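Here is the structure we will look at.
Fair warning: this is a prediction, and the values are worked out from it, not measured in the lab. First the proteins, then the strands, lettered A, B, ... as listed; each starts at 1.
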Protein chains: 2
Amino acid sequence: MTEAVGRDPEAVSAFVEHFAAQLVEAGVPRMPARVFAALLASDTGTLTSAELAGQLRISPAAVSGAVRYLAQVHLISREREPGSRRERYRVHSDQWYEALTSREAIIKRWEAALSEGVARLGPESPAGRRLAETLDFFEFIEKDVAGMMERWRAYRDRKYG
Amino acid sequence: MTEAVGRDPEAVSAFVEHFAAQLVEAGVPRMPARVFAALLASDTGTLTSAELAGQLRISPAAVSGAVRYLAQVHLISREREPGSRRERYRVHSDQWYEALTSREAIIKRWEAALSEGVARLGPESPAGRRLAETLDFFEFIEKDVAGMMERWRAYRDRKYG
DNA sequence: CGCGTCTTTCACAAATTTGTGAAGTTACCG
DNA sequence: CGGTAACTTCACAAATTTGTGAAAGACGCG
């Protein structure tokens, strides 16, 4: 066993389950949420599949599924330990919140749907106008979020070096 | 039947189902998503329970459940038509995106969980530091989002009067 | 090149979620 | 004050999702 479990397994587990529960409420599937929280609470920010299975008391299959999900939405990356078929999963400690908050791909699809709606309903109809304004909002947000992340990085660099 | 169905029911329905599908993918339960999309695509921005049930081909019970959900997360408001037991549901056309994007309550709970995690794991441990920085991020975001909404309103007022 | 370990895939059982019909409640209207 | 239209609650059936064990697949190592 590596340092992964941390000094006080009880404390780690308490945090992992509690934080995961919040993510679940926000719409994240349960296993991915637990895996993600476990990674976040690990000292190195990385854990192997076996460590995750042991710590969370779930089957390797469940780890596999959760990890695939998290990688797909770019919340973690998978790296192969050289000289082993062991895989290491890592939180993108500097980027993961962007994935959680901006969700660019999803917004893009919203925009596409709205845009089509404007065309279908007619840009001059009251409903069409409402949709157009909504679309406008998302386009605005999308640009502004980029700036916000910029500001965050500046703030963080100043504070944490 | 009021103007609720719009000029081309086919077009309205196509948009409603398509947009709702995108919301569902983002984690919104199906019925609330459909009801919300229908309201968004209505000319007045309001529909009655009966209109929703008819247009979406769902039972009054389903409308009731969806509407309760949407009201709880402040995506719609319910108003009583004076002199009728009919209820009218309305999209908060100026505010609904804030509810969708900032999700303040959820972030608050994330912050609480993170804060507790920092305490439990120790602010000086590597994991504790990671959690602390994450918490910091959310606090930053929370403040900045307020500013972003401000900028949106200014932009919108200029453009739409 | 084949052994052993780690990971993924697959089919299924369990648990959860979803939407419905029907009964129950509320409150307008005569 | 009933009658009744409109909404809500409740219990349940259907559908979906979730996590598992078992088997198959990948791949480093000897």
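Relative to the side chain of B:P60, the nucleotides C:dC28, D:dC27, D:dT8 differ in distance, and D:dT8 lies closest. Comparing C:dT20, D:dT9, C:dT8 by their closest approach to the side chain of B:S64 singles out D:dT9. Among the nucleotides D:dT8, C:dT20, D:dT18, the one closest to the side chain of A:P29 is D:dT18. Of the candidate nucleotides C:dT8, D:dC7, C:dG4, D:dC7 has the atom nearest to the side chain of B:S49. Distances from the side chain of B:A62 to the nucleotides C:dT20, D:dT8, D:dC27 place C:dT20 closest. Across D:dG21, C:dT20, D:dT8, the shortest atom-to-atom separation from the side chain of B:S59 is found for C:dT20. The listed nucleotides are C:dT8, C:dG21, D:dA5; the one nearest the side chain of A:E87 is C:dT8. Proximity note for A:R86 (side chain, C-beta onward) versus C:dG21, D:dC7, C:dC6: the nearest is C:dC6.
For CZ of A:R30, the number of neighbouring non-hydrogen atoms (other residues, nucleotides, ligands) closer than 6.0 Å is 12 at most.
Remark: P of D:dT17 and CZ of A:R68 are 15 Å apart, rounded to the nearest angstrom. Between the P atom of D:dC7 and the OH atom of B:Y69 lies a distance of 22 Å, rounded to the nearest Å. Look at CD1 on A:I58: it is 12 Å from P on D:dG21, rounded to the nearest Å. As rounded to whole Å, 13 Å separates atom P of D:dA15 from atom CZ of B:R30. Between the CZ atom of A:R85 and the P atom of C:dC6 there is a distance of 6 Å, given to the nearest Å. D:dG19 atom P lies 4 Å from atom CE of A:M31, rounded to whole Å. Straight-line distance from the CZ atom of A:R78 to the C1' atom of D:dA26: 13 Å, rounded to whole Å. Taking atom CD on B:E25 and atom P on D:dT16, their separation rounds to 16 Å, with Å as the unit.
Each of A:V28, A:I58, A:L52 was checked for a side chain to side chain contact (heavy atoms under 4.5 Å, CB included) with A:R34, and the lone residue meeting it is A:I58.
Closest heavy-atom contact between A:T44 and A:R90: O-NH2, 4.2 Å.
Using a 4.0 Å heavy-atom distance criterion, B:G83 is classed as a sugar-phosphate-only contact.
Under the 4.0 Å criterion applied to side-chain N and carboxylate O atoms, A:D136 and B:K159 are assigned as salt-bridge partners.
For the OP1/OP2 pair of C:dT18 and a distance below 4.0 Å, the side-chain nitrogens and oxygens of B:R34 include no atom meeting the criterion.
A:V67 and A:V24 fall into different hydrophobic clusters, where Ile, Leu, Val, Met, Phe, Trp and Tyr are joined by side-chain heavy atoms under 4.5 Å apart, directly or via other members.
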